[in-house]
Every structure is written in C-alpha cells, then in structure tokens.
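Here's the structure, in structure tokens; my notes come after.
Predicted model only: the values in this text are computed from it and were never measured. A note on names: the letters A, B, ... follow the listed sequences, proteins ahead of strands, and every chain is numbered from 1.
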Protein chains: 2
Amino acid sequence: MFNHMVEETEEVDRVFQALSNRTRRGMVRQLAGGECTVGDLARPTRMSFAAASKHVQVLERAGMVNRRVEGRQHICSLRPEPLREASEWLGYYEKFWSESLDRLARVLEEDMEESK
Amino acid sequence: MFNHMVEETEEVDRVFQALSNRTRRGMVRQLAGGECTVGDLARPTRMSFAAASKHVQVLERAGMVNRRVEGRQHICSLRPEPLREASEWLGYYEKFWSESLDRLARVLEEDMEESK
DNA sequence: CGATCGTTCAACCAATCGGTTGACAAATGA
DNA sequence: TCATTTGTCAACCGATTGGTTGAACGATCG
C-alpha cells in the first residue's frame with residue numbers, strides 16, 4: 001500500500017497529538033458526516049462552548065479542519081490530507097504486521113541502502 | 001481496506017499520544033529494524049538515559065513495546081498490534097480522501113442505520 | 001432599539017509532559 | 001574487590017493540556 005517514509009515534521013506531531021484526544025476524534029467522526037458549526041460539535045459533548053472551540057482550534061492547527069464564517073456561525077469541514085499523511089506514516093509499518101519479522105528487517109535494510 | 005469502526009478506547013488515546021512525539025516515533029522506526037536495548041534507543045537522541053527510559057515506558061504503556069530483561073540490559077521489541085489499530089482508525093476515513101464527499105456521506109448514513 | 005444567539009478571548013486551575021539531575025541497584029569486567 | 005555499565009526511580013522544573021468562568025463582540029430577531 002504505502003511504501004515510502006513519511007517525513008517527520010511538526011505537522012505529523014500535531015496530527016497525532018490532535019488525534020490523541022477522544023473528544024477530538026469524535027469531532028472528526030462527526031465532521032466526516034458533513035460540515036458542522038462549532039455549536040454542532042459542542043452539543044454532543046458535555047463541555048462548555050469555549051472548550052469545544054479550543055478543540056476545534058487544535059484540529060485547525062493540525063490542518064485537519066477548515067473554518068468558514070457565515071453570519072454568526074463558524075462552519076467547519078474536514079481536511080483529509082493530514083489524516084492521509086498520518087495513515088501513510090503508519091502504513092510504513094504495515095509490513096511489520098503483515099509480513100514476517102526477518103522479511104521486514106530486509107526491507108528496512110534496503111531503505112538504508114537507498115538513503116546512502 | 002478497513003471498513004469497520006474502531007472502538008474509542010483509552011488504548012487508542014495512548015497510542016496516538018505516544019506517536020505524537022518525534023523522539024518516540026524515531027524509536028518506533030528503530031525498533032522496526034529489530035530489537036534494541038534501552039541504551040540503543042537513547043544513543044541516537046541527545047537525551048539522558050532517564051529521559052529515553054521514560055519514552056520507552058510511554059511506548060510500553062501504549063502496548064507498542066515489549067521488554068525483556070537479560071542481564072543488565074533491557075531488550076525492547078515492537079508490538080505491532082496497536083499500530084495496526086491506529087491504522088484501522090485512520091483507515092475508516094480512507095473513504096474520505098479516496099471517494100467523493102457525498103458518496104462518503106452516504107456510507108456514513110448506512111453506518112448510522114446499522115447501529116440502530 | 002434591546003435581547004439573545006453563536007462564538008472567541010483572557011484568566012485561571014490542576015494535571016500531564018518532556019526534560020534534567022542525583023541517588024541507587026544489579027550485572028559485568030578488571 | 002573495586003570500577004564500570006545499564007538501567008530505574010524520585011524530585012524537581014518550565015511548558016502544555018484540557019477544562020472552567022466571565023466578559024466581550026458581531027449577527028440576528030422582536
């Protein structure tokens with residue numbers, strides 16, 4: 001599936017960090033169903049509006065959410081690209097769980113060769 | 001590829017949280033090449049031994065690393081299962097970036113139906 | 001106009017993070 | 001036996017997290 005190494009950027013840091021919170025993963029789930037306002041995202045949680053707003057900002061800074069202001073509402077939508085990158089990072093290790101260990105070791109050695 | 005929803009457990013929290021740090025991702029990368037001691041993992045970083053030890057513990061608590069004590073060395077190996085789970089979580093959204101948006105919405109609606 | 005809605009912001013709080021240092025312990029090597 | 005290696009643990013530090021409350025602000029409704 002994915003075979004190349006994903007760069008270790010701060011964006012990758014922020015994406016995994018954003019995903020490390022269950023509330024935010026719930027928001028991603030909700031956003032995958034379509035655009036929502038910040039209020040829509042706050043409602044299913046039991047947090048204050050302000051807290052939900054902060055979570056949205058975390059997702060935004062990770063590049064996973066786009067916001068568009070319409071009247072008094074802020075409408076959020078999912079930007080899948082960072083999710084895809086995180087998935088690629090993990091995909092690099094797919095060989096680890098789908099092939100035998102010594103086979104993986106060989107694959108990694110080849111990568112070392114390439115990077116010389 | 002992956003189609004089912006991954007449960008939102010604390011383990012998922014811990015795995016993403018563990019992956020949100022670049023040093024730890026480096027350790028995962030190194031461990032994918034084969035077993036190493038804690039010292040081996042500390043060496044490429046410029047941190048103290050104690051710091052590296054803490055990172056290994058984070059990976060352990062996330063279920064991503066196994067440890068076996070041999071003499072004075074602690075030998076670590078990668079446990080791919082949690083990586084796989086994280087990958088599945090992300091895989092659920094693969095449809096998001098590989099299909100059109102309205103098509104995804106329909107898929108999600110089907111999921112809603114199923115869960116009734 | 002004034003009230004209310006949707007939202008952010010600033011300040012604060014306790015808990016966690018990522019690192020340090022220093023003390024300690026067990027295994028190994030001289 | 002004594003020194004060294006390989007690690008852990010506890011204490012501490014400043015920065016970040018995830019939440020709260022209260023004030024503010026622009027849009028909308030009556």
Side-chain angles (χ1 to χ4, degrees), chain A residues 8-31 34-77 82 86, chain B residues 8-31 34-78 82:
Chain A
E8 296 290 358
T9 63
E10 274 175 40
E11 160 140 289
V12 179
D13 284 32
R14 281 193 294 263
V15 172
F16 281 125
Q17 211 273 319
L19 291 176
S20 74
N21 181 277
R22 206 191 297 218
T23 302
R24 277 185 308 255
R25 286 199 307 277
M27 289 179 164
V28 169
R29 186 92 79 195
Q30 192 175 340
L31 284 165
E35 296 188 334
C36 339
T37 67
V38 173
D40 291 337
L41 292 170
R43 203 155 305 110
T45 79
R46 288 201 201 113
M47 294 176 303
S48 66
F49 229 165
S53 173
K54 279 202 208 175
H55 280 302
V56 171
Q57 287 175 54
V58 171
L59 291 169
E60 251 183 317
R61 266 177 257 125
M64 301 162 61
V65 160
N66 260 155
R67 180 195 307 243
R68 151 181 119 249
V69 180
E70 229 163 68
R72 56 185 163 182
Q73 351 206 37
H74 293 211
I75 300 175
C76 305
S77 55
Chain B
E8 297 289 359
T9 64
E10 274 174 39
E11 160 141 286
V12 180
D13 285 33
R14 281 192 294 262
V15 171
F16 281 126
Q17 211 272 321
L19 290 176
S20 75
N21 180 279
R22 204 190 297 217
T23 301
R24 278 186 304 257
R25 287 199 307 278
M27 289 178 166
V28 169
R29 184 91 77 197
Q30 193 175 339
L31 284 165
E35 296 188 334
C36 341
T37 67
V38 173
D40 292 338
L41 292 169
R43 204 155 303 111
T45 78
R46 287 202 202 113
M47 295 176 302
S48 66
F49 233 54
S53 173
K54 278 202 209 174
H55 280 303
V56 171
Q57 286 175 55
V58 171
L59 292 168
E60 250 184 318
R61 265 177 258 125
M64 301 162 62
V65 160
N66 259 155
R67 180 196 306 242
R68 156 180 113 248
V69 180
E70 230 164 66
R72 56 184 165 186
Q73 345 206 39
H74 293 211
I75 300 176
C76 306
S77 55
L78 201 53

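Atoms CG and OG1, from A:L59 and A:T23 in turn, are 10.5 Å apart once rounded to the nearest 0.5 Å. Taken from CZ in B:R67 to CD in B:Q73, the straight-line distance is 12.5 Å, to the nearest 0.5 Å. Summarising the geometry, atom OG1 belonging to B:T45 is positioned 7.5 Å from atom NE2 belonging to B:H55; distances are rounded to the nearest 0.5 Å. Between the CD atom of B:E11 and the CE atom of B:M64 there is a distance of 9.5 Å, given to the nearest 0.5 Å.
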Sequence neighbours excluded and cut-off under 3.5 Å, please list the side-chain donor-acceptor pairs for residues 46-53 of chain A, or say none.
unit_1: A:S48; atom_1: OG; unit_2: A:A51; atom_2: N; d: 3.1
unit_1: A:S53; atom_1: OG; unit_2: A:Q57; atom_2: NE2; d: 3.4

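B:C76 places a side-chain heavy atom less than 4.5 Å from the side chain of B:V38.
With sequence neighbours excluded, the residues forming a side chain to side chain contact (heavy atoms under 4.5 Å, CB included) with B:D40 are B:Q30, B:C36, B:T37, B:R43, listed by chain and number. Shown here are the salt bridge (charged side-chain N to carboxylate O under 4.0 Å, His left out) partners of B:R25, two or more places apart in sequence or in another chain: A:E8, A:D13.
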Exercise for the section: Going 5' to 3' through nucleotides 9-20 of chain C, assign each nucleotide B (protein heavy atom under 4.0 Å from a base atom), S (under 4.0 Å only from sugar-phosphate atoms) or - (no protein heavy atom that close). Expected result: B-B-----SSBB

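On the nucleic acid side, DNA chain D contacts chain A at distances under 4.0 Å to non-hydrogen atoms, with the end points of that region at D:dT17 to D:dT28.
No donor-acceptor pair under 3.5 Å is formed between the side chain of A:R68 and the backbone N or O of A:I75.
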Each nucleotide N or O in nucleotides 25-28 of chain C that has a protein N or O under 3.5 Å away: list the pair and distance.
unit_1: C:dA27; atom_1: N3; unit_2: B:R72; atom_2: NH1; d: 3.3

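Between A:V65 and the choices A:E60, A:R24, A:M27, the side-chain contact (heavy atoms from CB on, under 4.5 Å) rule is met once, by A:E60.
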